Amino acid sequence: MDCSCKPLQRSFFLPPPDEVAPRLLGKILVGGGGRGGGAELRARIVETEAYLGQGDTAAHAARGLTRRNAPLFGAPGHAYVYLIYGMHFCLNVSTCAAGTAGGVLFRAAAWLSPEAGLAGSLSGPGRLCAGMGITLEQNGSDLTGRGGLHLADDGWRPPEIAVTRRIGIRQAAELPLRFVIAGHPAASGPRGWR
DNA sequence: CAACCGATCACCT
DNA sequence: GGTGATCGGTTGC
C-alpha cells in the first residue's frame with residue numbers, strides 16, 4: 001500500500017503508561033489478516049486508558065504477577081489480551097521495562113480504508129477487538145513487529161487531546177488516565193467526555 | 001474445589 | 001437507566 005507508515009519501536013513503550021497512552025492517540029493499529037488469509041486491517045487509535053502497576057487498584061497488575069497478567073510485567077510493546085464478562089476481549093499494550101507492570105488499554109479506533117462501516121464501529125474495547133479480529137491468540141505477541149498485529153505511525157497528529165477519568169471501573173475511578181482525541185466521533189463513553 | 005466478580009455491550013423498560 | 005449474557009482468574013472454604 002501507500003505505507004509511509006513506520007512501525008513503533010520498542011523504546012516508544014518504555015515510559016510509564018500515563019505517558020505512552022496519550023502518545024498513542026493518532027497512531028495506527030494494524031491487524032494481520034491472519035495466515036494466508038484476509039486483507040490487512042488498519043484503524044486510527046482515538047481513545048486510550050493508562051493502567052499503572054503497583055498502587056493502581058483498578059489495574060490487573062495491582063495484585064502482583066499472575067499467569068494471566070504476565071504480559072503486563074514483561075518487555076514493553078507486547079499485547080495483553082484478556083476476556084471480560086465472559087464475552088468481550090480487551091487489548092492492551094505493555095509499557096515500562098521488563099519487571100515493571102504497566103499497560104495501555106485501547107478503547108476506540110476509527111477505520112482507515114475500505115473496511116469502514118462494513119465491519120461495524122470500533123468504539124469500545126470489546127468492539128475494537130471484535131472488529132480487528134483480536135482474540136486470546138494475540139495475547140503476548142510483539143506489537144513492534146511488522147507482521148501480524150502491530151502499531152504504526154504515519155505522521156498524523158491529533159489536533160487536541162482531552163483527558164478524563166477512566167470508564168467502567170470502580171477502583172481508583174477518579175484518576176485522570178483516559179485520553180481521547182477531542183471531539184472525535186469514534187470515541188466511546190458518555191457524551192461530554194469527548 | 002466452589003463461589004464470586006469483572007478495564008463490556010446490547011437490549012429492555 | 002437497569003440488567004442479562006457468559007467464562008477465566010482469584011479468593012476463600
Side-chain angles (χ1 to χ4, degrees), chain A residues 13 15-25 27 29 31 43 45-74 76-96 100-111 115 117-141 143 149 151 161-181 184-194:
Chain A
F13 302 99
D18 54 327
E19 198 171 313
V20 175
R23 289 186 197 164
L24 277 170
L25 296 178
K27 298 299 185 291
L29 183 62
I45 297 159
V46 306
E47 183 183 351
T48 59
E49 282 180 358
Y51 284 88
L52 317 176
Q54 184 178 354
D56 182 1
T57 50
H60 285 184
R63 287 175 226 179
L65 175 65
T66 67
R67 185 182 202 84
R68 178 206 196 189
N69 64 24
L72 292 174
F73 290 83
H78 287 257
Y80 170 49
V81 183
Y82 66 92
L83 179 65
I84 183 113
Y85 302 128
M87 0 174 50
H88 304 288
F89 292 109
C90 292
L91 172 67
N92 303 246
V93 60
S94 61
T95 76
C96 301
T100 302
V104 175
L105 170 68
F106 295 98
R107 286 199 53 93
W111 284 118
E115 296 85 1
L118 300 176
S121 86
L122 299 175
S123 301
R127 280 186 287 224
L128 187 152
C129 287
M132 297 289 293
I134 295 166
T135 68
L136 288 178
E137 204 175 302
Q138 280 81 28
N139 190 35
S141 66
L143 297 182
L149 186 64
L151 293 158
I161 293 176
V163 184
T164 77
R165 309 185 322 177
R166 293 175 292 186
I167 292 176
I169 60 171
R170 301 191 189 190
Q171 303 292 322
E174 73 288 353
L175 299 178
L177 293 175
R178 173 176 171 266
F179 305 89
V180 55
I181 298 179
H184 200 290
S188 73
R191 289 201 306 259
W193 281 34
R194 310 179 320 168

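Here the structure is a predicted model, which means the values were calculated and not measured. In what follows, chains are A, B, ... by sequence order, proteins preceding strands, each numbered from 1.
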Show every donor-acceptor pair shorter than 3.5 Å between a side-chain atom in residues 84-96 of chain A and any protein atom, with sequence neighbours excluded, or say none if there are none.
unit_1: N92(A); atom_1: ND2; unit_2: Y80(A); atom_2: O; d: 3.2
unit_1: S94(A); atom_1: OG; unit_2: A75(A); atom_2: O; d: 2.8
unit_1: S94(A); atom_1: OG; unit_2: G77(A); atom_2: N; d: 3.3
unit_1: S94(A); atom_1: OG; unit_2: H78(A); atom_2: N; d: 3.0
unit_1: S94(A); atom_1: OG; unit_2: H78(A); atom_2: O; d: 3.3

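Formation of a donor-acceptor pair under 3.5 Å by the N139(A) side chain with backbone atoms of V81(A) is found in this model.
When the shell of 6.0 Å around CD of Q54(A) is examined, it contains 12 or fewer heavy atoms from other residues, nucleotides or ligands.
In a base pair of the Watson-Crick type (N1 to N3 plus N6-O4 or O6-N4) or a G-U wobble (N1-O2 and O6-N3), with each distance short of 3.5 Å, dA7(B) is matched with no nucleotide. Base-pair partner of dT11(C): dA2(B) (Watson-Crick or G-U wobble, both distances under 3.5 Å).
Going from the P atom of dC12(B) to that of dT6(C) covers 15 Å, rounded to whole Å.
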Strictly under 4.0 angstrom, non-hydrogen atoms only: write out the protein contact profile of nucleotides 4-13 of chain B, one letter per nucleotide from the 5' end, B, S or -. --BBBSS---
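In this structure, the separation between CG on L151(A) and CG on L149(A) is 7.0 Å, given to the nearest 0.5 Å.
When the side-chain nitrogen and oxygen atoms of R63(A) are compared with OP1 and OP2 of dG9(C), none of them lie within a distance under 4.0 Å.
Nearest heavy atom pair, residue P22(A) against residue T48(A), reads N-OG1, 4.3 Å. Pairing each heavy atom of F13(A) with each of L24(A), the nearest pair is CE2-CD2, 4.1 Å.
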